[in-house]
Amino acid sequence: MMAIETLSAQRCFGGVQGFYRHESKACGGPMQFGVYMPPQPGPRPVLFYLAGLTCSPETFAIKAGAQRVAAELGLVLVMPDTSPRDTGIEGATGDWEFGEAAGFYLDATQAPWSARFNMQRYLLEELLPAVAANFQVDMQRCGVFGHSMGGHGALTLALKNPSVFRSCSAFAPIVAPSQVPWGQKAFPRYLGEDRAAWRAYDATALVEDGHRFSGELLIDQGLDDKFLDAQLKPELFEAACAQAGQALRVRRHAGYDHSYWFIQSFVEDHLRHHAAALNSGA
């Protein structure tokens, strides 16, 4: 069993919101994550939330207001960090769009990033087993969702690992990073200049290349999001899914931006979406 250290634990809506730390081989050092355990006993369905650029394990826990509904539904919420920290790599800090707090949920192949920035491997091979070993969760009922960069991570992980994740949703995801400035800035540094390698971390490309998710994907997008036209482009993913027959529901909301006020407004819908999928046939 992978040892974890409890950093804090507070009662919340009858359950416990805790923050934890453990050592990661994939990321070459300690990683922190949050877990909300609802009050219901016994192994519960578990939902991993992947946060966006600049965020930490605390961001969703503090800002989204998800614990009340998670307690009602009996959902365990897990909140990983967005990258390794204190890497000491030159250029890893000082740019909010790249490096620390901007790991893009990929496994870097280019030095020096490949030594520490392996978030896909960390999540699948280290964090999921650590959560399974240390918390009362039912890993046969596991879902993933996220926001912006984390929405990108949720979609790509679900499309590539449909046997691991039974439900998936996203708030304002970066659906085609290969075609927008955020991805075109980060991917060459992490993955090199060969754009073929980028497709493994691009939800639109994954669908085009034959990857499928068995359930319906849910996306919520604010129409006052300042990143909508240049960075997010949900219409690209919609077109790929329509062509491929991938079930997708995109909801657009007038007046909402990219912030956690937007996430707060629709997080209950997402938790109920996941609970329905994870509890079906349970």
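It should be emphasised that the depicted structure is a prediction, and the values quoted were computed from it without experimental measurement.
Looking only at atom types and distance, the side chain of Gln231 has no donor-acceptor partner in the side chain of Lys226 under 3.5 Å away. When only modelled atom types and interatomic distance are considered, Ser169 and His270 share a side-chain donor-acceptor pair under 3.5 Å. Side chains of Ser148 and His258: a donor-acceptor N/O pair is present below 3.5 angstrom, by distance only.
For the side chain to side chain contact (heavy atoms under 4.5 Å, CB included) with Val164, the lone residue among Leu157, Leu123, Val144, Leu128 that qualifies is Leu128. Screening Tyr256, Trp261, Tyr260 for a ring-ring contact (aromatic ring centres under 6.0 Å, His included) involving Phe266 leaves a single residue, Tyr256.
Under the 6.0 Å distance and 45° angle rule, Arg189 counts as a cation-pi partner of Phe98.
By the 30° and 60° cut-offs, the orientation of the rings of Phe104 relative to Phe187 is perpendicular. Note on ring orientation: taking the six-membered ring where Trp is involved, the planes of His147 and Phe171 are perpendicular (angle over 60°, cut-offs 30° and 60°).
In this structure, Gln264 contributes its side chain and Lys63 its backbone to a donor-acceptor pair below 3.5 Å. A donor-acceptor distance shorter than 3.5 angstrom exists from the side chain of Glu100 to the backbone of Thr87, with no hydrogens or angles considered. No donor-acceptor pair closer than 3.5 Å links the side chain of Ser167 to the backbone N or O of Leu278. The closest donor-acceptor contact from the side chain of Arg116 to the backbone of Cys27 lies under 3.5 Å.
Residues satisfying the side chain to side chain contact (heavy atoms under 4.5 Å, CB included) test with Pro112, not counting sequence neighbours, are Ile89. The salt bridge (charged side-chain N to carboxylate O under 4.0 Å, His left out) test applied to Glu72 returns Arg272, not counting sequence neighbours. Residues passing the side chain to side chain donor-acceptor pair (under 3.5 Å) test with Lys25: none are found, sequence neighbours excluded.
Classification of Asp138 and Arg44 as a salt-bridged pair fails, no side-chain N sitting under 4.0 Å from a carboxylate O. Salt bridge absent: Lys233 and Asp229 never bring a charged side-chain N and a carboxylate O closer than 4.0 Å.
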